[in-house]
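Here the structure is laid out as structure tokens; the discussion comes afterwards.
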Amino acid sequence: MTPRLFTERLCLRPPQASDAGAMQLFAADPRVARMTTSIPHPYPPGAAAVYLTQDSAKAREWKWAIDATPSGGAEFLGVVGYKPELAEIGYWVGPPFWNTGYATEAVRTTIDHLFNTQPLAAIHAGCFTDNPASAAVLEKLGFAWTGVVQRFSVARGEEAETRLGRVTRDGWAARRVAG
């Protein structure tokens, strides 16, 4: 079961049926879809509802909805996902919430949770090289770039150059102590 995680402004919680409308709207935006590996564009009607009913265990992914209601904000801002078999985190946030710090806050909290509850040496992440906003989130969180590979983007219908990064448990702990 995916636990609820809290920050000053956010609740990261299991996705729920009431997220479908906002998820459908944001995931259908080509600016969002093109920056992910798995969101298609055009986004099919009802795809969000299907995603929300997928069993995380069967999908081999933990997923959290980013919810800003604790601070009086919107119920659904985006998603953070974690693939345990790859120790890889991914995320996206709807365009109305870009440049608000929500992605950084949500990913930071998720990484804290993972390092506090899982025997991980490192957590990995990646972003397309033409996505400087996502790269900035990872850099703020102390990810070191480890290489560039090609990953398929469903929305683009082709491979896209992808920067890979990782943050180690020791590096994360040192950053948290340093403040």
Side-chain angles (χ1 to χ4, degrees), residues 2 4-13 15 19 22-23 25-27 29-39 41 61-68 70-71 73-84 86-116 118 120-151 153-156 160-179:
T2 304
R4 289 178 178 264
L5 309 175
F6 294 92
T7 73
E8 187 174 307
R9 301 185 298 165
L10 302 173
C11 172
L12 304 179
R13 56 166 175 74
D19 298 330
M23 179 182 278
L25 176 68
F26 300 148
D29 188 312
R31 297 171 296 170
V32 172
R34 287 182 53 76
M35 294 303 164
T36 72
T37 57
S38 60
I39 297 175
H41 185 76
E61 178 180 17
W62 303 352
K63 47 192 171 187
W64 289 269
I66 305 170
D67 180 334
S71 59
E75 182 180 33
F76 180 85
L77 312 181
V79 174
V80 176
Y82 173 70
K83 294 180 180 175
L86 303 173
E88 184 175 48
I89 197 166
Y91 54 91
W92 63 264
V93 175
F97 311 106
W98 290 352
N99 301 308
T100 61
Y102 286 132
T104 302
E105 190 173 333
V107 174
R108 178 184 297 117
T109 300
T110 306
I111 292 170
D112 275 341
H113 169 72
L114 293 169
F115 277 138
N116 287 331
Q118 304 299 308
L120 300 168
I123 295 173
H124 304 271
C127 64
F128 294 142
T129 57
D130 60 353
N131 188 350
S134 191
V137 167
L138 295 174
E139 288 168 357
K140 278 186 235 173
L141 295 172
F143 278 77
W145 299 116
T146 60
V148 176
V149 298
Q150 297 291 315
R151 285 197 172 163
S153 167
V154 174
R156 297 174 189 218
E161 191 172 78
T162 306
R163 292 175 77 179
L164 300 178
R166 74 182 208 137
V167 62
T168 64
R169 176 183 293 278
D170 292 342
W172 186 257
R175 288 178 61 84
R176 299 306 279 165
V177 168

Q. In terms of heavy-atom contacts, does CG of N99 have more than 12 from other residues, nucleotides or ligands at under 6.0 Å?
A. no
Q: Using atom types as modelled and distance alone, determine if a side-chain donor or acceptor of S71 lies under 3.5 Å from a backbone N or O of A68.
A: yes
Q) In terms of side-chain geometry, is the basic nitrogen of K140 or E105 positioned less than 4.0 Å from the acidic oxygen of its partner? A) no
**Q.** E8, CD: over 12 other non-hydrogen atoms inside 6.0 angstrom
**A.** no
Q: Could you tell me whether R34 and D29 make a salt bridge, using a distance below 4.0 angstrom between a side-chain N and a carboxylate O?
A: no
(Q) Has W62 got a side-chain atom pairing as donor or acceptor with G81's backbone, closer than 3.5 angstrom? (A) no
Q. Do L164 and V149 come close enough that some side-chain heavy atom pair is under 4.5 Å?
A. yes
Q: For the residue pair R169 and L120, establish whether any side-chain heavy-atom pair is separated by less than 4.5 Å.
A: yes
Q.
Would you say S134 and Y91 are linked by a side-chain donor-acceptor pair, where the criterion is simply a distance under 3.5 Å?
A. yes
(Q) Between R13 and F6, is there a side-chain heavy-atom distance shorter than 4.5 Å? (A) no
Q) Under 3.5 Å, side chain of S153 to main-chain N/O of T36, donor-acceptor pair present? A) yes
Q. Going by heavy atoms in the side chains, are V79 and F26 under 4.5 Å from each other?
A. no
Q. Which pair of heavy atoms, one from V32 and one from A27, lies closest together, and at what distance?
A. CG1-CA, 4.4 Å
Q: Could you tell me whether the side chain of L10 reaches within less than 4.5 Å of the side chain of I66, counting heavy atoms only?
A: yes
